[in-house]
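Structure first, commentary second.
Sequence lines set the chain letters: A, B, ... in the order given, protein chains first and strands last, and positions in each chain run from 1.
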Protein chains: 2
Amino acid sequence: MSAALELISEQGFHKAPMSRIADKAGVGAGTIYLYFESKDMLIKTLYRELENEIMTAIQKGYPESESFRERFIHIWTSLLRYFIANPLHFRYLEQYHNSPYGVSMRRDRILSKTGDSSIFIDLFEEGVSSHTVKDLPIIMLFALAFGPMVFLARDHTLALIKLQDAHIVQAATAYWEAIENK
Amino acid sequence: MSAALELISEQGFHKAPMSRIADKAGVGAGTIYLYFESKDMLIKTLYRELENEIMTAIQKGYPESESFRERFIHIWTSLLRYFIANPLHFRYLEQYHNSPYGVSMRRDRILSKTGDSSIFIDLFEEGVSSHTVKDLPIIMLFALAFGPMVFLARDHTLALIKLQDAHIVQAATAYWEAIENK
DNA sequence: AATGATAGAATGAACATTCATTCAGTATTA
DNA sequence: TAATACTGAATGAATGTTCATTCTATCATT
């Protein structure tokens, strides 16, 4: 799986043939098929694995009983820090989201309201009902809060900028102000 | 080119073989090669075409002599309106940006400081030096301003939300507040 | 007007390559 | 020795690209 992660995140789905993934992993081509039904399944399993890892990272040190603002900033900074520390993970996720896989997954999730994003949804719902954040549709708040983060992470992973930790906190605060209900 | 646009934006690069593009365009497979050197060139040319179209859309009605705020909001709303009116264009651009094509292009542009994005850079530089917007690196301001827009456009094109024109103006204002120097 | 010649655009079958997947054989483990 | 894990050459489907040929429009000749 880490061989697949490296190749796909750097070269894209269609320039990461199973033969090369096997080479990089130091196994025979057929061995992969003992563990994964198909290339599609490998891609999807790897996605879920990364998603779980991210959720674990966010939950670590989560200030359960602090104010809404603290919890929001914790999640925001944890995520951005995770992406900066794991650029390959970030690039893989981005490619997945912008491929047919991601599109259909996104649709399914929103419609069935399942999946890990429910943590975010719960948080924002609390924020809206307590009038802590602006009264906008959840999905818009989500976009307003996390859209910039993806841009920042992308620029960082492409080595276009070098985000210091101070910048991360600064950006988190700026983005809190954008959704805050004043 | 419009056949390529439709297929690629809906199915992704690797599920849009030249043979199907030719079919959709109602021409023979070889005909494409009279106009484009290779599939890669077709993809790149189409990208530049769309980029030009967007630049034209932004420049239409640009309030040259109005305040910085007016010009920012004009650009922001024009872009989002364009993406909503042209969902296929948006999906194509997103796929391009998140593929190896886009990554290398982005790198080249930033390093050589050329390309159409100079309009945006000029605008933000003016904003920073006149203390109208927060004193942050241009690339961060850019992320903060346009990151959310991409999220909104994505959710809209996937039919997860339905953005009314009122929402667009509302969002533009919210995002002006996020970068404004208060 | 009628006929023939030329250009070059379009075609699509053929080719070479790439790739996911399989499976008969080999190595490893219990 | 039996069972399990692994291998990598072989397979066949899919795909980008080429090129000999066809078609159509324009020009030249009679």
*When the nearest nucleotide of DNA chain C is assigned to A/Gly30 and to A/His14 on a heavy-atom basis, which residue is associated with the more 5' position?*
A/His14
*For A/Thr31 and for A/Met18, find the nucleotide of DNA chain C with the closest heavy atom, then tell me which residue's nucleotide is more 5'.*
A/Met18
*On the ring face of B/Phe151, is B/Arg154 found with NZ or CZ under 6.0 Å from the centre and within 45° of the axis?*
yes
Distance, rounded to the nearest Å, where [X] contributes [atom1] and [N] contributes [atom2]:
{"X": "B/Asp23", "N": "D/dG16", "atom1": "CG", "atom2": "C1'", "result": "15 Å"}
{"X": "A/Phe13", "N": "C/dT18", "atom1": "CZ", "atom2": "C1'", "result": "19 Å"}
{"X": "A/Arg20", "N": "C/dA20", "atom1": "CZ", "atom2": "P", "result": "10 Å"}

_Criterion ring-ring contact (aromatic ring centres under 6.0 Å, His included) against A/Phe83, the qualifying member of A/Phe146, A/Trp76, A/Phe90_ = A/Phe90
*Matching residue for A/Tyr101 among A/Tyr96, A/Tyr47, A/Tyr92 - test: ring-ring contact (aromatic ring centres under 6.0 Å, His included)*: A/Tyr96
*asked:* Tell me which residues in residues 32-42 of chain A lie within less than 4.0 Å of DNA chain C, going by non-hydrogen atoms.
replied: A/Tyr33, A/Ser38, A/Lys39
*Side chains of B/Asn181 and B/Asp135: does their closest heavy-atom pair fall under 4.5 Å?*
no
*B/Lys44 side, atom NZ; B/Ser38 side, atom OG - distance, nearest 0.5 Å*: 7.5 Å
_Tell me whether the count of non-hydrogen atoms from other residues, nucleotides or ligands lying under 6.0 Å of NZ in B/Lys15 goes above 12._
no
